[in-house]
*Asks:* 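The structure follows.
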Protein chains: 2
Amino acid sequence: MGASKTDLFTKQQNDLALMAKALAHPARIAILQYLVKKNACVCGDLVEELGLAQATTSQHLKELKSAGIIQGNIEGASVCYCIDPKVWKQYQSIFTTFFKDVNIDKSCC
Amino acid sequence: MGASKTDLFTKQQNDLALMAKALAHPARIAILQYLVKKNACVCGDLVEELGLAQATTSQHLKELKSAGIIQGNIEGASVCYCIDPKVWKQYQSIFTTFFKDVNIDKSCC
DNA sequence: GTATTCTATCGTAATATTGCGATGTGTTAA
DNA sequence: TTAACACATCGCAATATTACGATAGAATAC
């Protein structure tokens, strides 16, 4: 099949899985870290930074954009990408909540 | 290709991506949430709980186990799965760190 | 012993992801 | 206008993921 059976799960579970999927590639992690580090907009030097082909880099940017976590603004000939702080904060909050409520002491089996 | 070019990225980036990948499916989120909720070991009732075939459920459990975030202990005829609190804490810490250091105020472009 | 239960694994099919060259579109430079 | 750049998208190939039925192994029930 290859397609996830999303109808079996809650919206919350599907959403969290989608967020995780957006982060589930080292190139996308690298892009986000780079954008965070520069703390400002960066454009095509991501291609150089990553070492991936331009087409591949563009594809990863597209996925991050469709996940909402980055924005792209056209700036002349080039495009300026940056973290969307609002969505970033949502991610932060949702992952934090997910990991929080576990009783760490209970040993098991 | 389909295979990620892991050699282009740092171990830290690859590791984080692998952790995210472990969470990148609603069934695996559901499994983890169920294990956290029950706060004790659960076995084959995950199959009922999820609504996926037994083989599929077993496969997701295997992925979570190979990601280290859950453990399985044989208990008679059945297997008892539970969160590995130590690894869970690591995940928590790594995701928290990842999301922390962004300057939320800087608007962009 | 045999039958039953529980889980893992194999094999297979459908679909998704990753990666890149080639191409297209829009923008600046000449 | 033409040339050069910056990105996005298309098309394709290689690989990975998801899902399930069938089967195998190990433990319990009888």
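Letters A, B, ... are given to chains in the order of the sequence lines, protein chains preceding strands, and every chain is numbered from 1.
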*Asks:* To the nearest 0.5 angstrom, please state how far the CD1 atom of Ile74(A) sits from the SG atom of Cys80(A).
*Replies:*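 One gets 11.0 Å once the value is rounded to the nearest 0.5 Å.
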
*Asks:* On DNA chain C, does the nearest nucleotide to Gly76(A) precede the nearest nucleotide to Gly51(A) from the 5' side, or the other way round? Give the residue.
*Replies:*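 Counting from the 5' end, the first nearest nucleotide belongs to Gly51(A).
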
*Asks:* Check the distance between dT7(C)'s P and Gln71(B)'s CD and give it to me in whole angstrom.
*Replies:*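 In whole Å, dT7(C) P lies 17 Å from Gln71(B) CD.
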
*Asks:* Hey, can you pull the residues of residues 6-21 of chain B with a non-hydrogen atom under 4.0 angstrom from DNA chain D?
*Replies:*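 Lys21(B), in order of number.
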
*Asks:* Give Gln59(A) one of three labels, base, sugar-phosphate or nothing, depending on what nucleic acid heavy atoms sit under 4.0 Å from its own.
*Replies:*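 Gln59(A): base contact, heavy atoms under 4.0 Å.
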
*Asks:* Can you name the residues that form a side chain to side chain contact (heavy atoms under 4.5 Å, CB included) with Thr57(B), not counting sequence neighbours?
*Replies:*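 By the side chain to side chain contact (heavy atoms under 4.5 Å, CB included) rule, Thr57(B) matches Leu46(B), Val47(B), Leu50(B), Leu52(B), Leu61(B).
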
*Asks:* For Asp45(B), enumerate each residue passing the side chain to side chain contact (heavy atoms under 4.5 Å, CB included) test, keeping only those at least two apart in sequence or located in another chain.
*Replies:*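 So Asp45(B) forms a side chain to side chain contact (heavy atoms under 4.5 Å, CB included) with Tyr34(B), Val42(B).
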
*Asks:* Is Ser4(B) touching bases, backbone alone, or none of the nucleic acid, heavy atoms closer than 4.0 Å?
*Replies:*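 Sugar-phosphate, backbone atoms only, no base.
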
*Asks:* More than 12 heavy atoms of other residues, nucleotides or ligands under 6.0 Å from CG of Leu8(A): is that the case?
*Replies:*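 Atom CG in Leu8(A) is packed in, count exceeds 12.
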
*Asks:* To the nearest angstrom, how far is Leu61(B) atom CG from dT17(D) atom P?
*Replies:*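 The answer, rounded to whole Å, is 17 Å.
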
*Asks:* Can you list everything that forms a side chain to side chain contact (heavy atoms under 4.5 Å, CB included) with Thr10(B)? Sequence neighbours excluded, please.
*Replies:*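 Side chain to side chain contact (heavy atoms under 4.5 Å, CB included) check on Thr10(B) returns Gln12(B), Gln13(B).
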
*Asks:* Could you pull out all residues at least two apart from Ser58(B) that satisfy side-chain hydrogen bond (donor to acceptor under 3.5 Å, both in side chains)?
*Replies:*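 side-chain hydrogen bond (donor to acceptor under 3.5 Å, both in side chains) check on Ser58(B) returns nothing, list empty.
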
*Asks:* Restricting to side chain to side chain contact (heavy atoms under 4.5 Å, CB included), what partner residues turn up for Lys62(A), sequence neighbours left out?
*Replies:*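 Checked Lys62(A) against side chain to side chain contact (heavy atoms under 4.5 Å, CB included); zero matches.
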
*Asks:* Map Arg28(A) and Lys65(B) onto DNA chain C by nearest heavy atom, then report which one ends up closer to the 5' terminus.
*Replies:*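 Final value for this comparison: Lys65(B).
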
*Asks:* Nearest-Å distance, CD (Glu75(B)) to C1' (dA26(D))?
*Replies:*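 Distance check: Glu75(B) CD to dA26(D) C1' gives 15 Å.
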
*Asks:* Taking only side-chain nitrogens and oxygens of His60(A), does any of them come within less than 4.0 Å of OP1 or OP2 of dT17(C)?
*Replies:*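 For dT17(C), neither OP1 nor OP2 has a side-chain N or O of His60(A) closer than 4.0 Å.
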
*Asks:* Quick one: list whatever passes side-chain hydrogen bond (donor to acceptor under 3.5 Å, both in side chains) with Glu63(A), sequence neighbours left out.
*Replies:*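 Checked Glu63(A) against side-chain hydrogen bond (donor to acceptor under 3.5 Å, both in side chains); matches are Arg28(A).
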
*Asks:* Distance check needed: dA8(C) P versus Asn73(B) CG, whole Å only.
*Replies:*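 One finds 12 Å between P of dA8(C) and CG of Asn73(B), rounded.
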
*Asks:* Is any side-chain nitrogen or oxygen of Thr56(A) closer than 4.0 Å to OP1 or OP2 of dT18(C)?
*Replies:*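 Checking dT18(C) against Thr56(A), no side-chain N or O comes under 4.0 Å of OP1 or OP2.
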
*Asks:* Measure all distances between protein nitrogen or oxygen atoms and nitrogen or oxygen atoms of nucleotides 3-7 of chain D, and list the pairs falling under 3.5 Å.
*Replies:*
residue, atom, partner, partner atom, Å
dC7(D), OP1, Gly44(A), N, 3.0
dC7(D), OP1, Val79(A), N, 3.3
dC7(D), OP2, Gly44(A), N, 3.3

*Asks:* Measure the distance from CD1 on Ile31(B) to C1' on dT18(D) and round it to the nearest whole Å.
*Replies:*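 So the two atoms are 13 Å apart, to the nearest Å.
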
*Asks:* In whole angstroms, how far is the C1' atom of dA19(D) from the CD atom of Glu63(B)?
*Replies:*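 Going from CD in Glu63(B) over to C1' in dA19(D) covers 12 Å.
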
*Asks:* Please identify each residue that fulfils ring-ring contact (aromatic ring centres under 6.0 Å, His included) with Phe95(A), with sequence neighbours left out.
*Replies:*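 Phe95(B), Phe99(B).
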
*Asks:* Between His25(A) (NE2) and dT18(C) (P), how many Å, whole number?
*Replies:*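 Whole-Å distance recorded here is 5 Å.
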
*Asks:* Would you mind classifying the nucleic acid contact of Leu52(A) as base, sugar-phosphate or nothing, using non-hydrogen atoms under 4.0 angstrom?
*Replies:*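 Answer is sugar-phosphate: Leu52(A) comes under 4.0 Å of backbone atoms only.
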
*Asks:* If I take atom NZ in residue Lys5(B) and atom C1' in nucleotide dA16(D), what distance separates them, rounded to the nearest angstrom?
*Replies:*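 Result: 17 Å.
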
*Asks:* Counting the atoms with a prime plus P, OP1 and OP2 as sugar-phosphate, which does Ala55(B) contact under 4.0 Å by heavy atoms, base, sugar-phosphate, or nothing?
*Replies:*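 Counting heavy atoms under 4.0 Å across all strands, the contact made by Ala55(B) includes a base.
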
*Asks:* Indicate the atoms forming the closest heavy-atom contact of Thr6(A) with Asn14(A), along with that distance.
*Replies:*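 Residues Thr6(A) and Asn14(A), closest heavy atoms: O-ND2, 2.9 Å.
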
*Asks:* Quick one: which of dG19(C), dA16(C), dT15(D) gets closest to the side chain of Ala3(A)?
*Replies:*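 Nearest listed nucleotide: dA16(C).
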
